[in-house]
Amino acid sequence: MSVTSIAGALAALVSVGIIAIGTRYVVAPVASARTFGLPDWPRGDAAAWLRLKGIRDIVSGLVILVPLALGQVQVLGWIVLVASITPFGDALVVLRNKGSKILGYAMHGGTAVAALVIAGLLLIGS
């Protein structure tokens, strides 16, 4: 199995994962927000903002699947590289707003690092 195949499989796994997370935010926004790492989240009518996050997560996952399905490895690598900004930004928001350090560093920061590694493997292998 080539490095590109492994990186593509990891990109697909991440893509399906973010689609699942987005779907959960659409279906159960407040329950989902509790796992993000922030100390507080919108409630009542303001919880609609969480559904918007869910829709954006679903689209982010689908954007990764398109070049993957078309076999556009280099394009996929660049998209994953740019997409790594999202979890990096999430980590900064969680940490700067007195959220969970474990979730900020491990979940969001770890996802950003994983995306950078996947992007690197895709770009080097293409």
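The model shown is predicted, which means the values in this text are computed figures rather than measured ones.
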Identify, with sequence neighbours excluded, every residue that meets side-chain contact (heavy atoms from CB on, under 4.5 Å) alongside Ser100. Ile102, Leu103

List the atom pairs, donor and acceptor, that lie under 3.5 Å between side-chain atoms in residues 56-69 and the rest of the protein, sequence neighbours left out.
unit_1, atom_1, unit_2, atom_2, d
Arg56, NH1, Leu52, O, 3.3
Asp57, OD1, Lys53, NZ, 3.4
Asp57, OD2, Lys53, NZ, 2.5
Ser60, OG, Arg56, O, 2.9

Please collect all salt bridge (charged side-chain N to carboxylate O under 4.0 Å, His left out) contacts where either partner lies in residues 94-113, sequence neighbours excluded, each pair once. none

Applied to residues 11-40, the salt bridge (charged side-chain N to carboxylate O under 4.0 Å, His left out) test, sequence neighbours excluded, yields Asp40-Arg43

Shortest non-hydrogen contact from [X] to [Y]?
| X | Y | answer |
| --- | --- | --- |
| Ala11 | Leu76 | CB-CD2, 4.2 Å |
| Val94 | Gly37 | CG1-O, 3.5 Å |
| Leu50 | Ala33 | CD1-CB, 3.7 Å |
| Pro87 | Ser84 | CD-O, 3.2 Å |
| Gly99 | Pro39 | CA-CD, 3.7 Å |

Side-chain contact test, heavy atoms from C-beta onward, threshold under 4.5 Å: evaluate it for [X] versus [Y] and give yes or no.
| X | Y | result |
| --- | --- | --- |
| Leu121 | Thr4 | no |
| Leu123 | Gln74 | yes |
| Ile124 | Val3 | no |
| Trp78 | Leu122 | no |

Taking distance alone, no hydrogens or angles, what donor-acceptor pairs closer than 3.5 Å link side-chain atoms of residues 108-116 to residues at least two apart or in another chain?
unit_1, atom_1, unit_2, atom_2, d
His108, NE2, Phe36, O, 2.8
Thr111, OG1, Met107, O, 2.6

Measuring from atom CG of Leu38 to atom CG of Asp90, what distance do you get when rounded to the nearest 0.5 angstrom? 8.5 Å

Set of ring pair (Phe, Tyr, Trp, His ring centres under 6.0 Å) partners for Phe88, sequence neighbours left out: none

Count I, L, V, M, F, W, Y as connected when their side-chain heavy atoms are under 4.5 Å apart, and connections chain through other members. Are Ile6 and Val75 then in the same cluster? yes

With a 3.5 Å distance limit and no angle check, can you tell me whether Thr23 reaches the backbone of Ile19 through a side-chain donor-acceptor pair? yes

